[in-house]
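Contents: one structure, followed by commentary.
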Amino acid sequence: MKSLKASNTYAVVDLETTGTNLDGSQRIIQFACVLVEDGQIVNQFSTLINPLRPLSPEVEKLTGLKQKDLKKAPSFDEVAASIYALLQGTIFVAHNIQFDYRFLNLELERVGYPALELKGIDTVQLAQILLPTQLSYRLGDLGKALKIEHEHPHHADSDAYVTAKLLLLLLAKLRELPRDLLVTLNKLAGELVYDTGACFKEALAQKDETEILDADLLQVAEIILKRPHFESGAKLTMTYPLTEQEKRQQFTEIIDYRSEQVRLMDDIEEFSHSKARYFLAQAPTGLGKTLAYLYPAAYLALGGQKVVLAVPTNTLQEQVLTTSIPIIEQLVGKLRVVTLKGSQNYLNLEKFWQSLRQAQGKYTRIVQMKILVWLSQTETGDLTELHLLKTKDSFFEQISHQGIEGLDKTSPFYQVDFVRRQEVATKNADIVITNQSYLLNHASDFASLGALLILDEAQHLIDLAASYNRQVLDLDAIKILADSLLVKMESQVSLSFEQLVATGFMTRYSYQQIKHYTQVIDHSVMDVRSRLIQYFYRKEAGNEIYLSNNKLRGFVKAHLGEIKQIGFAFEKLLNLNSKLEGKFIQASRKQALTQEEEGLLLDYFTLVTSFNKELSQWSQLDLELIETKQNKGITWLSLNRSQANAHLRLNFGLLEGKDYLATNIYQKFAKVILLGASVLTPKTKSYVLNQLDLPADLKIHTYKSQFNYRKQAQVLVARDAPTVDQLEYSQYLVQTINQIVTESPRQTMVLFNSLEMVAKIYQGLVELGLTAKRDVLAQGINGGVNKLKKRFALSQTKDSILLATGSFFEGIDLPEDKLELVIVTRLPFTPPDSLYNQVRYQRLKAAGKNPFSVLALPEAIIKLKQAFGRLIRTKNDRGVFVLLDSRFVTKRYGSEFNQAFPKECSLQAVLTKQVVKEVKDFFES
């Protein structure tokens with residue numbers, strides 16, 4: 001890897017092309033180059049190029065260039081000499097160099113010039129490493145985040161200019177890195193494309209060898225860390241301002257005085273000093289709910305009352321910390337605030353350090369470099385700060401934290417471990433911010449604090465409690481992992497455990513013990529699997545089979561010997577593998593193992609982690625546990641019998657929050673405040689209180705909306721929409737969605753009840769040519785939930801279309817022109833034929849209740865209300881909500897769904913052709 005000289009000339013290049021294939025079939029339509037010398041831009045060159053062929057609609061849409069713009073432009077062979085001469089003696093720089101450099105060389109060779117043989121730098125990889133917490137590395141997103149003016153995205157001249165400014169910023173950041181960090185980065189930089197790694201070599205060469213590490217940094221082994229610090233201080237005695245005058249004076253130039261928000265603040269303050277245990281508030285969007293509960297909570301915290309805030313997601317957790325807490329601190333003074341997440345969210349420093357010394361692929365090396373830079377900046381070690389989408393692969397399983405109990409106390413990283421830091425910070429905190437999943441897992445940890453619990457968006461706790469209590473025992477996965485472990489131990493192709501015995505790393509006895517107990521599980525688990533199929537699937541139809549407590553108990557009793565044998569073998573393996581891993585860590589730290597030995601053991605322990613995770617649910621088959629189970633749970637078998645090699649799974653779940661949340665969550669706290677958006681309606685009140693395990697007579701505090709829904713929103717229902725069982729249903733949706741979004745090109749979210757229907761409608765829109773004109777994102781086709789949320793939120797054109805299901809009905813905040821049109825294709829009833837719902841409905845029928853009225857209808861109303869809640873987020877929002885389901889009009893229960901919308905909102909049931917016109921008229925008015 002050659003170093004680069006600071007005096008070099010960098011040629012920052014961008015191309016616009018007729019297509020992205022690198023097979024010689026496409027042409028350049030615009031070339032731009034910005035020359036950079038001595039840390040500044042010295043020259044710029046740009047030209048349009050006639051490709052001598054028509055442009056596709058996709059290219060015209062992306063670049064904004066039309067055929068007429070290129071008609072009088074020179075062809076590539078006319079400008080090739082100028083381009084070739086311009087680039088001589090420079091270092092080629094591009095944002096995704098693999099495309100621009102290769103494409104340009106193909107074109108040069110096509111017209112008779114030799115391929116360029118320049119050094120090259122990729123600003124994508126540099127940005128990924130040096131800006132580790134960026135949400136996106138697309139050029140437009142980076143320019144926006146870094147405040148680099150970007151006049152015409154996807155115009156080569158503008159893109160090249162932004163890339164040049166980005167290069168200068170990245171090289172400056174590189175020079176600021178500590179010398180010892182650059183030493184470690186240089187060991188990994190050889191995997192970067194072209195000569196990108198040479199940038200790190202040059203930066204290191206410019207460093208003084210006697211450089212002293214900054215006081216806020218520390219070095220452990222080869223890793224530079226931000227030094228941990230813990231806030232402490234005397235409590236302030238502050239009095240909550242009771243009068244309007246006091247609040248107005250305090251709020252001046254910080255937040256607006258809003259009467260309904262202040263009323264919620266005062267109600268919470270009054271509750272905190274009352275004898276009541278529960279406070280339930282229905283706070284509409286736009287009220288300023290977060291500040292409303294944090295304001296009185298801050299006064300309580302400063303007075304010595306520990307406050308625990310639990311929000312639905314990690315994203316909202318960060319939002320409260322970075323946006324709301326600073327505002328509250330302007331009002332009341334400095335607070336000691338800590339955020340808590342599950343240990344798997346954090347980096348295990350010891351394991352990450354070990355990974356640096358293992359053979360890795362190119363992608364992993366870039367991620368490791370990214371993490372090394374991030375570690376010099378982060379105080380939390382929370383991996384979600386990196387916004388990585390591939391956190392499910394084996395590398396992240398290898399380096400993520402598994403809890404304090406698994407740490408080696410002799411490790412040099414033990415004292416600076418991120419989860420241990422978290423525990424210390426929690427003890428000193430005034431306010432602890434966590435997510436509801438963490439709360440469900442760790443409620444008992446707060447029991448001794450006498451804390452006040454605030455549950456924001458409390459309705460999420462209903463589903464979370466059910467999913468938290470769902471465990472899956474995958475018998476086939478256990479078998480596969482056991483086989484993999486045995487293969488890894490006994491491999492004759494590469495290193496095996498026999499060699500580890502021969503070198504003295506482990507004894508033959510310990511190897512034989514590990515192998516024996518793994519074989520016991522490997523053989524016995526398949527016996528249990530085949531007997532489960534024989535026992536339950538022989539007479540039953542379908543893929544899912546409900547197991548009553550009596551049926552499960554009967555099976556376990558009949559096969560108690562084998563079930564206990566597997567449990568005993570698992571306990572033995574936990575102990576044996578724990579000892580072996582401890583030995584491995586010690587040997588690795590002393591560098592007493594070869595690279596091959598470390599690789600073998602690292603792969604083995606990665607498998608062990610997955611194996612332990614799958615077998616951790618074996619305790620669900622404990623006979624004593626089954627016999628003491630209450631009737632609130634549900635157990636079922638699942639096996640896709642139409643699929644070869646399908647996995648047999650035992651599923652264990654919770655049916656409802658009642659009789660669970662109060663005992664397992666609320667009782668761990670002194671008082672509980674529950675807040676949510678407007679999910680309570682006359683039809684849903686009883687359902688929500690029951691599911692949240694709250695007293696049926698609990699007073700509900702309600703507050704007026706700050707929005708003018710009559711002016712800001714319109715609801716349209718297509719009263720002639722066909723039903724799902726009609727042949728033309730899918731075609732109707734394709735045609736109608738296409739007409740609406742074509743006539744009204746706005747940022748649009750289309751919500752479905754199934755991924756199958758998303759795929760079908762997406763294909764229909766492709767056939768109509770919509771995807772050639774607009775950015776159409778489809779869940780399950782263009783990516784998963786998190787990726788699509790990010791792409792949709794960062795849309796530059798503000799006319800993207802998102803086809804999605806489930807989680808998009810709520811929990812995504814897209815104000816103003818980030819979302820102006822929501823289309824719901826069907827009333828969001830959950831499938832009644834799912835086994836989970838069948839059991840719930842059967843139990844209600846047995847109790848003499850109507851399942852549709854008690855469960856199905858309230859749940860659907862809440863979901864539709866949440867979908868409408870995506871539309872109007874601020875006072876400046878305007879938008880249209882379209883429902884393409886005629887049951888709203890034709891069914892007796894349809895009128896109940898009126899409760900999903902604000903009373904003052906304009907709602908019309910019209911023909912589909914009028915829907916298209918009304919949407920257009922609304923936006924044009």
Side-chain angles (χ1 to χ4, degrees), residues 255-264 281-292 319 323 457 675-681 702-718 737 740-741 743-751 792-793 795 797-802 808-824 828 861-885 888 897-910 914-925:
I255 60 172
D256 294 333
Y257 184 94
R258 292 189 266 179
S259 57
E260 288 298 286
Q261 184 186 50
V262 169
R263 191 160 72 85
L264 177 53
Q282 182 169 240
T285 305
L287 179 76
K289 165 172 55 75
T290 306
L291 294 179
Q319 190 176 312
T323 305
E457 301 294 343
L675 305 106
S678 305
V679 296
L680 291 164
T681 70
T702 58
Y703 303 86
K704 295 176 184 176
S705 172
Q706 304 298 295
F707 299 148
N708 185 342
Y709 284 108
R710 185 169 296 281
K711 289 185 177 181
Q712 290 183 254
Q714 184 172 29
V715 178
L716 298 166
V717 180
I737 292 166
I740 293 172
V741 300
E743 291 292 323
S744 303
R746 304 280 170 158
Q747 193 84 344
T748 303
M749 185 184 293
V750 189
L751 297 171
F792 190 67
S795 170
T797 58
K798 296 296 186 290
D799 66 352
S800 295
I801 301 157
L802 174 64
F808 287 89
F809 274 81
E810 56 180 328
I812 180 169
D813 190 17
L814 298 164
E816 300 181 17
D817 60 0
K818 289 185 178 180
L819 180 63
E820 295 182 279
L821 178 57
V822 174
I823 302 172
V824 173
I861 292 171
I862 289 172
K863 204 165 186 181
L864 190 65
K865 197 172 184 66
Q866 289 169 333
F868 177 78
R870 300 308 95 220
L871 190 62
I872 306 299
R873 310 297 294 176
T874 74
K875 287 185 177 181
N876 297 321
D877 283 8
R878 291 183 78 244
V880 181
F881 186 92
V882 175
L883 175 62
L884 301 177
D885 193 331
F888 190 94
F897 282 96
N898 278 299
Q899 300 173 35
F901 308 107
K903 290 181 180 177
E904 64 273 25
C905 191
S906 170
L907 191 155
Q908 298 180 62
V910 297
Q914 290 174 276
V915 169
V916 178
K917 182 179 181 300
E918 290 288 342
V919 173
K920 186 178 180 181
D921 289 349
F922 178 88
F923 288 119
E924 290 181 352
S925 65

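With sequence neighbours excluded, no residue satisfies side chain to side chain donor-acceptor pair (under 3.5 Å) with T323. Residues passing the salt bridge (Lys or Arg N to Asp or Glu O under 4.0 Å) test with E904, sequence neighbours excluded: none. Applying the side chain to side chain donor-acceptor pair (under 3.5 Å) rule to R258 yields no partners; only residues at least two apart in sequence or on another chain are considered. Legend: residues meeting salt bridge (Lys or Arg N to Asp or Glu O under 4.0 Å) with K917, ordered by chain and number and at least two apart, are D921. The ring-ring contact (aromatic ring centres under 6.0 Å, His included) check on F888 picks up nothing, with sequence neighbours excluded. E918 pairs by the salt bridge (Lys or Arg N to Asp or Glu O under 4.0 Å) definition with nothing, not counting sequence neighbours. Listed by chain and number, the residues in a side chain to side chain contact (heavy atoms under 4.5 Å, CB included) with K863 are F809, P828, Q866 (sequence neighbours excluded). Among residues two or more places apart in sequence or in another chain, the side chain to side chain donor-acceptor pair (under 3.5 Å) test is passed with E820 by R746. Every residue was checked against the side chain to side chain donor-acceptor pair (under 3.5 Å) condition with K875, not counting sequence neighbours, and none meets it. With sequence neighbours excluded, no residue forms a salt bridge (Lys or Arg N to Asp or Glu O under 4.0 Å) with K798. Take R878 and apply the side chain to side chain contact (heavy atoms under 4.5 Å, CB included) test, not counting sequence neighbours, and it matches F922, S925. Under the rule for a side chain to side chain contact (heavy atoms under 4.5 Å, CB included), the partners of T290 that lie at least two apart in sequence or sit in another chain are Y293, L294, V320, S324, D456.
Residues Q261 and Q706 form no side-chain contact, since every pair of their non-hydrogen atoms from C-beta on lies 4.5 Å or further apart. A heavy-atom distance below 4.5 Å is not found between the side chains of F881 and L907.
Minimum interatomic distance between A867 and V822 (heavy atoms only, all atoms of both residues): O-CG1, 4.3 Å. Considering all non-hydrogen atoms of both residues, G879 and I872 come closest at N-CD1, 4.0 Å. Closest heavy-atom contact between A900 and I861: CB-O, 4.0 Å. Heavy-atom minimum distance, S744 versus V919: OG-CG1, 3.4 Å. Counting all heavy atoms, side chain and backbone alike, L884 lies closest to A718 at CD2-CB, 3.9 Å.
For the atom pair D817 CG and S795 OG, the distance stands at 9.0 Å (nearest 0.5 Å). Note that the CD1 atom of I801 and the CZ atom of F792 stand 9.0 Å from one another [nearest 0.5 Å]. To the nearest 0.5 Å, the span separating CG on L751 from CG on L802 amounts to 7.5 Å. Here the CD1 atom belonging to I862 is positioned 11.0 Å from the CG atom belonging to L864, to the nearest 0.5 angstrom. Within the model, atoms CD1 of I823 and CG of L883 stand 11.0 Å from one another, a figure rounded to the nearest 0.5 Å. Rounding to the nearest 0.5 Å places CD of E816 at 4.5 Å from CG of N876.
Distance alone, capped at 3.5 Å, is enough to place a donor-acceptor pair between the Q712 side chain and the D877 backbone. Looking only at distances, no side-chain donor or acceptor of K818 sits under 3.5 Å from a matching main-chain atom of Q747. A distance-only check finds no donor-acceptor pair linking the side chain of E260 to the backbone of Y703 [under 3.5 Å].
Between Y709 and F868, the two ring planes are tilted [angle within 30° to 60°].
V915 pairs with exactly one of I740, V880, V717 by the side chain to side chain contact (heavy atoms under 4.5 Å, CB included) rule, that one being I740.
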